[in-house]
Amino acid sequence: MDSPSCDGHTLTPHLGRRFTDSDVSAEAAQSVSLRSSRMECSLAAGLEELCPVCGDKVSGYHYGLLTCESCKGFFKRTVQNNKKYLCAESRVCSIDVTQRKRCPACRFHKCLHVGMRLEAVRADRIRGGRNKFGPMYKRDRALKQQRRALIQAAGFRTDSGPPLGSTQHRALTFTGDLRCAPILHCTAQHERISYQPPSLCSLLPPDSPNQAQWASSSNWTIKSEPAISSAAVMPSDQLFSLSPRAPRTPQLVTEFVRCDPDELQLQNAVAARLLQEQHGERHGGAGTFRGMCLMADQTLFSIVEWARTSIFFKQLKVNDQMKLLHSCWSDLLLLDIISRQVLHGKEGRLLLVTGQEVELCDVASHAGVTVAGLVQRGQELVEKLLLIKVDRQELACIKFIILFNPDVKQLEEHHFIEGVQEQAEGALLEYTLCSSSHLHGRFAHLLLCLSELRSLSALAEEYLHCRHLGGEVPGNNLLMEMLHAKRSWA
DNA sequence: ATAGCCTTGATA
DNA sequence: TATCAAGGCTAT
């Protein structure tokens, strides 16, 4: 694997920047009266599942995963009859329970994207029996069961626990190990700033002798060998923070939040760096496509830096670190933008990583049909998250769930990575059950939003690749490395 | 064409 | 033998 641009770790010592996100596409915060029907659907408990395609009630495992009856039927009809659909819009239609009939093309695309399996539809149409996915379904059930047991073992009740929404806008606490280091490594030559973009490989530190050590400040133990269902196990007395300010917040959630960079410092760093990058260049302003690419590139640096200094990730070998980042960069990039709108954004405006604000109507009017569609769906996602009042704790968990993806191929430390993801999911589930007794199914709603986020980021990536083929994306940067890396081993 | 309900049959 | 994910049927 490995990026072809991996040429050593020479730039590693310089990388002390700490900030996060921004992006290429867009979305915005706009408080709109969302359909309340979905929120009202009485899910019996936080563990109830929603169809990852449309959000309807799940009826069982169908073609590889838990879906509703209608998407099961739709997928079957489409595959059996070899149907070809065409999207009348720009192939980025939003699919939910009320709109799923409107665009079969995008619905089928989403079916595939969330993981429905073509090969589970039988060519011979023979009924009954089981297929090869049986063991997979069983393992999935066992995992869900184990998470339930984990929560019960922690002795927590679903009908208790104060809401934590009040902490939503509290400033992040800085931690000592996030160094504030030189932002730029530019060499001025003949009035022009020449910046040598480091490759991802060089951003990540070389494997260090002590990397096998666990995070020094914590007691987390993720077993790297597969225990029962390879789940990571944490003693139940460590599950919740004892802090009086955040009662019954799982300690791991607190740890995840602590890894997040500070928004203000991030703004300053990215803005300063963009200024340097754009020096001497024309057509690089924030309003241009090229400007957006530069901003996305800078955000990627911050994401790499966040990952590099984060709990669990810093313990991985560089090869696995690179594989994980190559796999999920666009999800993290989009989540960064979405999070910014949800936590800090204003209605009708797009808040950039630099702190600048753009009118959403301006974005829509200047964009092509594809970008406008992406922006629209991004907005809808922001609205959904605002409606359920997602908070920083939950977003921090989601970042780790995205990063520690055990489905990435050829991971050396697969079991460890799987264990971390399970821990992160478990922590999020516990947190949602503790903090939102008023809203059943919050966890499932968050996972549904994650599914939508992944779907959107895949579309944005496709779009970016098209623009790249047209020679419109500035090259020789981290953004391009990511774009190529994923495609080279996908 | 959709989606809720029905029938089937290999596997645990 | 019970389970449950396949495919089938049919009112809308």
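Note that these values count all heavy atoms, side chains included, but never hydrogens, waters or copies made by symmetry. Quick note on labels: first sequence line is chain A, next is B, and so on, each numbered from 1.
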Among all residues two or more places apart in sequence or in another chain, which pass the side chain to side chain contact (heavy atoms under 4.5 Å, CB included) test with [X]?
{"X": "T78(A)", "result": "F74(A), K83(A), Y85(A), F108(A)"}
{"X": "V369(A)", "result": "S90(A)"}
{"X": "R91(A)", "result": "C87(A), E462(A)"}
{"X": "E69(A)", "result": "S59(A), H62(A), K72(A)"}

Please determine if K110(A) and E452(A) form a salt bridge, counting it only when a charged side-chain N lies under 4.0 Å from a carboxylate O.
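Counted as a salt bridge, because a side-chain N and a carboxylate O are separated by less than 4.0 Å.
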Between the opening five pairs and the closing five pairs of the helix from dA1(B)-dT12(C) to dA12(B)-dT1(C), how far apart are the helix axes, to 10°?
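So the angle between the two local helix axes works out to 10°.
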Closest approach of P52(A) to T67(A) (non-hydrogen atoms, all atoms of both residues)
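Nearest heavy atoms, P52(A) then T67(A): CD-CA, 4.4 Å.
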Looking at every heavy atom in both I311(A) and C259(A), which two are closest together, and how far apart are they?
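That would be N-SG, 3.6 Å.
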E357(A) vs L350(A), test: side-chain contact (heavy atoms from CB on, under 4.5 Å). Steps then yes/no.
CA-CA 6 Å; E357(A) 288 181 2; L350(A) 175 67; over 6 Å; no
For DNA chain B, what residues of residues 107-128 of chain A have any heavy atom nearer than 4.0 Å?
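The answer is R107(A), R127(A), G128(A).
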Contacts to DNA chain B from residues 58-69 of chain A, heavy-atom cutoff under 4.0 Å, which residues?
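Per residue number, the list reads E69(A).
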Could you list where the contact with chain A starts and ends along DNA chain B, reading 5' to 3', using a 4.0 Å heavy-atom cut-off?
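Span of nucleotides near chain A: dA1(B) to dT11(B).
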Evaluate the ring planes of F400(A) and F404(A), with Trp represented by its six-membered ring, and classify them as parallel (under 30°), tilted (30 to 60°) or perpendicular (over 60°).
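The rings of F400(A) and F404(A) lie parallel, inter-plane angle below 30°.
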Parallel, tilted or perpendicular for Y463(A) and F289(A), by the 30°/60° rule?
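Judged by the thresholds at 30° and 60°, the geometry between Y463(A) and F289(A) is perpendicular.
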Applying a 4.0 Å non-hydrogen cut-off, can you work out what R100(A) is touching in the nucleic acid: base, sugar-phosphate, or nothing?
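The residue R100(A) makes sugar-phosphate contact but no base contact.
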How would you label the contact of K83(A) with the nucleic acid (heavy atoms, under 4.0 Å): base, sugar-phosphate, or nothing?
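Here K83(A) touches the backbone only, sparing every base.
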Answer yes or no: is there a donor N or O on one side and an acceptor on the other, between the side chain of D320(A) and the main chain of E413(A), under 3.5 Å?
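Answer holds: yes.
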Determine whether a donor-acceptor pair (N or O, by modelled atom type, separation under 3.5 Å) exists between the side chain of D297(A) and the backbone of C293(A).
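No, the answer is negative, given that no donor and acceptor are paired below the 3.5 Å cut-off.
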In terms of side-chain heavy atoms, does [X] have a donor or acceptor partner in [Y] at a distance below 3.5 Å?
{"X": "R107(A)", "Y": "S70(A)", "result": "yes"}
{"X": "E380(A)", "Y": "Q376(A)", "result": "yes"}
{"X": "S330(A)", "Y": "R454(A)", "result": "no"}
{"X": "S310(A)", "Y": "W306(A)", "result": "yes"}

Of all pairs that satisfy side chain to side chain donor-acceptor pair (under 3.5 Å), the ones with a partner from residues 113-123 of chain A, not counting sequence neighbours
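Every side chain to side chain donor-acceptor pair (under 3.5 Å) pair that includes a residue of residues 113-123 of chain A, provided the two are not neighbours, is R117(A)-E119(A).
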Where along residues 85-93 of chain A does a heavy atom come under 4.0 Å from DNA chain C, residue by residue in number order?
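Result for residues 85-93 of chain A: none.
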For F133(A) and for R130(A), locate the closest nucleotide of DNA chain C by heavy-atom distance; then report the residue assigned to the nucleotide nearer the 5' terminus.
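First, find each residue's nearest nucleotide; the 5'-ward one identifies R130(A).
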Any ring-ring contact (aromatic ring centres under 6.0 Å, His included) involving residues 360-382 of chain A? Give me the pairs, sequence neighbours left out, ordered by first then second residue.
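For residues 360-382 of chain A, and leaving out neighbouring residues, there are no ring-ring contact (aromatic ring centres under 6.0 Å, His included) pairs at all.
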Using a heavy-atom cut-off of 4.0 Å to chain A, what are the terminal contacting nucleotides of DNA chain C, in 5' to 3' order?
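Contact boundaries, 5' end first: dT3(C) to dG8(C).
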